[in-house]
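Worksheet: one structure, shown below.
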There are 2 protein chains.
Amino acid sequence: MDFQPLGLATDLVILTVRDGALQVLLIRRGIAPYKGRWALPGGFVRPAEDLETTARRELTEETGLAAAGLHLEQVATYGAPDRDPRGRVVSVAYLALVPDLPAPVAGTDAESARWVAAPDLLADPARLAFDHHRILTDAVERARAKLEYSPLAAAFCPPEFTISELRTIYEAVWGAPLDPRNFHRKVTKTPGFVDPIGATTTRDGGRPAQLFRRGTAPTLHPPMTRG
Amino acid sequence: MDFQPLGLATDLVILTVRDGALQVLLIRRGIAPYKGRWALPGGFVRPAEDLETTARRELTEETGLAAAGLHLEQVATYGAPDRDPRGRVVSVAYLALVPDLPAPVAGTDAESARWVAAPDLLADPARLAFDHHRILTDAVERARAKLEYSPLAAAFCPPEFTISELRTIYEAVWGAPLDPRNFHRKVTKTPGFVDPIGATTTRDGGRPAQLFRRGTAPTLHPPMTRG
DNA sequence: TCAAAAGTGTTGACTCTACACCCATGT
DNA sequence: ACATGGGTGTAGAGTCAACACTTTTGA
């Protein structure tokens, strides 16, 4: 057996859409290394703790969110020997999609936590600690791809939402405007994407809009098309 | 810091298409645990060794293949606390796509190595050691999805191949027949999928077929469509 | 009455599928 | 000649983007 001195961690890319923009939850590191720098939330896996359990625990600690029921998926594992100055640390990155929620709370290892616009971060590879820019890049690309062929955009929405609220999610994540009329038709005609609940709302102004819940289909046929 | 007693390994799902069927390279374990059982090839990450380097090293050791240039990608990481009876072992699974090649050689920890038809393995969750059935399931699904939107099917082919050889790859991986005429048109009209080299072959019988090399496009527009 | 957003209809361009048909070779 | 697989043409169905137009509310 080869049990080496090695740290195993998870890092979280927690995405939301606020004010029409894709945002990532970052913490400012309170301890070395990279003290004072912005980084993805994350932490070490405890003995006998499953990887996804670690990720859900970290998510709750960093955001105060009840981790039950929200979307969490593994993105990739990063294990370059020199990625952490403390020694060999291998990190499993998870992607979480959350609806727009109250401001995050600072945790134990973090001086502060805040939402940061994803495009700004992606444009500057040096703003994040460790190899977190690469992790973020991979996770955002995963999220963009997932919106095409899965109904996961609804994970960014509250339980009941309108079609145009769903459309703003796509526009924020893909960074391009979509035709509201064609979008409406496509979403409502794709089996299992959204289910009407029979009520309406005028919270977006104008004519009352139908409210929908997330449907049950695991994949979209046909997929949504990006630019 | 939390450096725990923990093993870090990579497991390899090495796929090829032989005799019109998708096949996986398995080894028969020569040591405990699961001695004598069939398993995916893999091994522990060495100190200061990158994860992908480990995967390429294992691939060469198990198959005798020159690992340079062939397709290798990370699938997922498996870390359930009880997945290995020896203790906590976290394994990063990699997917490799290789052309049909000479028979594999047995390695150090393996009594023997052989190709096994993937559908048989997928149908029986108990034939493989550890959680390797789940790893195999995830990897094969990844391969199937990749064929849709990437030109990776060519990674199963020799450097120069005909369109119908490429078609047999799709048919083997997807498990469904495709129309040879429409397939030909679609492949040759998708920019960057395949490049004609200007020579022909009659090795498949009938009228001479154009030979192609893999193109440079990273993704296919439009994608190939599964059933 | 007007602005704003929801939702429907329509049209022309494009794409896909199924299959008829011709082509170039080996035997 | 004929079997075998390579490759092109084409008609009908379906899909998609663009945009005109109607509907229903709040102000």
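Below, chains carry the letters A, B, ... as their sequence lines are ordered, and counting in each starts from 1.
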Rounding to a whole Å, what distance do you find between B/Arg203:CZ and D/dG6:C1'? 14 Å
A/His184 side chain N/O closer than 4.0 Å to the phosphate oxygens (OP1, OP2) of C/dA6? no
I'd like to know if the side chain of B/Tyr170 reaches the main chain of B/Leu147, judged simply by a donor and an acceptor atom lying under 3.5 Å from each other, with no hydrogens or angles considered. yes
How long is the straight-line distance from CD1 of B/Ile169 back to CH2 of B/Trp174, given to the nearest 0.5 Å? 12.5 Å
Quick test of your reading of the model: are A/Asp138 and A/Arg142 salt-bridged, counting only N-O distances below 4.0 Å? no
Could you state the atom-to-atom distance from NZ of B/Lys189 to C1' of C/dT17 in whole Å? 14 Å
Contact letters for nucleotides 19-27 of chain D, in which S counts primed atoms plus P, OP1 and OP2 and B counts the base, heavy atoms under 4.0 Å: BBB-BBB--
Determine the contact category for A/Ser164: base if any of its heavy atoms lies under 4.0 Å from a base atom, sugar-phosphate if only primed atoms, P, OP1 or OP2 are that close, otherwise nothing. sugar-phosphate
Round to a whole Å and report the spacing from CD of A/Gln210 to P of C/dA5. 18 Å
Whole angstrom is fine here: how far is it from CZ in B/Phe161 over to C1' in D/dG5? 18 Å
Closer than 4.0 angstrom, basic N to acidic O: yes or no for B/Arg18 and B/Asp100? yes
d(NZ, B/Lys186; P, C/dA18) in whole Å: 12 Å
Expressed as a whole number of angstroms, how long is the span from B/Ile163:CD1 to D/dT8:P? 10 Å
Distance check, rounded to the nearest 0.5 Å: B/Leu40 atom CG versus B/His133 atom NE2? 10.5 Å
May I have the distance from A/Glu165 (atom CD) to C/dA5 (atom P), rounded to whole angstrom? 13 Å
How many angstroms lie between atom OG1 of A/Thr201 and atom CD of A/Glu160, to the nearest 0.5 angstrom? 9.5 Å
Tell me whether the side-chain N/O atoms of A/Thr225 come closer than 4.0 Å to OP1 or OP2 in D/dA17. yes
Pair B/Arg83 + B/Asp11, salt bridge at N-O below 4.0 Å: yes
Taking CZ from A/Phe183 and P from D/dT15, how many angstroms apart are they, rounded to a whole number? 19 Å
